[in-house]
Amino acid sequence: MFEKFSLHKGKTESPHHVTKSGRVPEHVAIIMDGNGRWAKKRGLPRIAGHREAMKTIKRITKEADRLGVKVLTLFAFSTENWKRPKAEVEFLMKLPQQFLTTYLTELVEQNVQVQAMGDLSRLPAYTLQAVKSAIERTENNTGLILNFALNYGSHAEIVHAVQNIIQEVSDHHLSLEDVTEQKIAEHMMSPALPDPDLLIRTGGEIRLSNFMLWQLAYTELYFSEEFWPDFNERSLQEAVHVFSARQRRFGGLAEGSEDS
Ligand code: FPP
């Protein structure tokens, strides 16, 4: 079991105290679940939960940066989310624009670089425009990468990668022997990013929901009962603390555990 993490009061726990071992996850990916239930608990419509979620995104981006995280990937809209009621989908599609209009200046000041992955071609024009303009406005920033997964699904990503690879083989740009793990990784939607070190899912469900299945092969998983709008700086500190106490083995042996 992990040692219980006791935080001092206040949000500004020093990064050193948070990690102990000094190991901060370079890439944190988050499934932001529980917005609807957060709203329902308060007698509010589901969209109120999504609206609140944006404030959490802003807070968590800032805190992740402060703790030394280099990449934050957020599952904002899945390829399966189109099945939701039309009004909710429409509301969700307006969030990137709202979020970026409200917070982009602050993100630029924080030196954050916005990126996106997923099939962006199906997004409404105003959503795509907002995302593209945020990417362009922040492309020279050198700080934390804030990567939104939008209309993203892991199965679709893998199908897309396989199709591209087959095309390259049939065009004789690749031979069968060139199709390595590395090559497949290069055809995923986040080829320039390291695989996530830590995956956080809020909202109490224990599943991956078609999120970054290839990239999560050796990722440490962390599930929180908190609904995403309730997830705060301390929640992230706790997740990072638990991560820092874990022994990652990548299929090998723990350090010092070889037979002598
Ligand atoms: C899960 O809650 C959350 C989502 C489906 C969407 C979250 C998306 C955002 C907050 C959009 C932000 C996007 C940008 C680019 C700023 P749920 O509705 O499934 O919650 P429930 O499980 O309680 O019903």
Side-chain angles (χ1 to χ4, degrees), residues 28-62 64 71-108 110 112-120 122-138 144-154 189-190 199-212 223-232 235-236:
V28 176
I30 308 186
I31 302 176
M32 309 177 284
D33 200 12
N35 299 342
R37 280 166 288 159
W38 179 91
K40 195 172 170 210
K41 217 172 92 181
R42 288 162 177 75
L44 298 169
R46 291 176 56 78
I47 56 169
H50 297 316
R51 195 179 292 121
E52 195 65 22
M54 290 194 288
K55 295 184 195 155
T56 306
I57 293 178
K58 197 213 109 187
R59 284 208 311 266
I60 294 302
T61 304
K62 207 167 175 180
V71 185
L72 182 62
T73 294
L74 301 177
F75 203 4
F77 192 88
S78 80
T79 45
E80 287 72 36
N81 285 153
W82 298 105
K83 291 183 220 155
R84 294 190 175 207
K86 194 164 169 266
E88 186 172 339
V89 169
E90 276 174 13
F91 188 85
L92 284 170
M93 282 298 144
K94 290 195 181 121
L95 289 182
Q97 192 186 31
Q98 269 187 37
F99 176 83
L100 294 165
T101 316
T102 316
Y103 298 120
L104 192 59
T105 310
E106 222 173 298
L107 295 177
V108 171
Q110 263 181 62
V112 166
Q113 188 188 107
V114 176
Q115 294 190 11
M117 65 177 188
D119 178 5
L120 305 187
R122 215 186 141 185
L123 303 180
Y126 55 85
T127 314
L128 189 59
Q129 184 47 43
V131 173
K132 274 191 174 164
S133 123
I135 293 173
E136 278 164 23
R137 268 190 66 190
T138 62
L144 178 134
I145 294 174
L146 178 58
N147 180 35
F148 289 109
L150 273 167
N151 192 24
Y152 172 86
S154 210
M189 289 174 173
S190 55
L199 178 275
I200 298 172
R201 182 178 186 137
T202 61
E205 308 287 359
I206 315 291
R207 54 175 172 260
L208 296 179
S209 299
N210 200 18
F211 187 51
M212 300 187 88
F223 297 95
S224 162
E225 289 294 322
E226 282 178 300
F227 298 141
W228 175 248
D230 290 327
F231 196 79
N232 59 25
S235 319
L236 182 66

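Start at 1 and go down the list; that is how both ligands and their atoms are numbered.
In terms of protein heavy-atom proximity, atom 7 (C) of ligand 1 is closest to Asn35 ND2, 3.6 Å. The protein heavy atom nearest to atom 11 (C) of ligand 1 is Leu95 CD1, 3.6 Å. In this structure, atom 24 (O) of ligand 1 lies nearest to the protein heavy atom Arg46 NH1, 2.9 Å. Annotation: atom 8 (C) of ligand 1 to nearest protein heavy atom, Ala76 O, 3.1 Å.
Contacts between Met93 and ligand 1 below 4.0 angstrom, taking non-hydrogen atoms only, are absent altogether. Using a 4.0 Å cut-off between heavy atoms, Ala53 contacts ligand 1 through its side chain alone, with no backbone atom that close. If you look at Lys40 next to ligand 1, there are no close heavy atoms at all, none under 4.0 Å.
The backbone N or O of Asp119 lies less than 3.5 Å from a partner atom in the side chain of Asn151, making a donor-acceptor pair. One N or O on the side chain of Trp228 and one on the backbone of Ala53 form a donor-acceptor pair closer than 3.5 Å.
Side-chain contact check for Leu107 versus Phe99: some heavy-atom pair is nearer than 4.5 Å. At a threshold of 4.5 Å between non-hydrogen side-chain atoms, the residues Phe227 and Thr202 do not count as touching.
Salt bridge annotation for Lys83-Glu80: absent, with no cationic side-chain nitrogen under 4.0 angstrom from a carboxylate oxygen.
None of Leu199, Ile200, Thr73 except one satisfies the side-chain contact (heavy atoms from CB on, under 4.5 Å) rule with Ile31; the exception is Leu199.
Relative orientation of the Phe75 and Phe211 rings is parallel, given thresholds of 30° and 60° on the angle between their planes.
Every residue meeting the salt bridge (Lys or Arg N to Asp or Glu O under 4.0 Å) condition with Lys58, not counting sequence neighbours, appears here in chain and number order: Glu106.
Heavy-atom separations between Arg84 and ligand 1 include at least one value shorter than 4.0 Å. In this structure, Gly34 has a heavy atom closer than 4.0 Å to ligand 1. Taking 4.0 Å as the cut-off, Met32 counts as a neighbour of ligand 1 on heavy-atom distance.
Ranked by closest heavy atom to atom 17 (P) of ligand 1, the top entry among Ile57, Asp33, Thr127 is Asp33.
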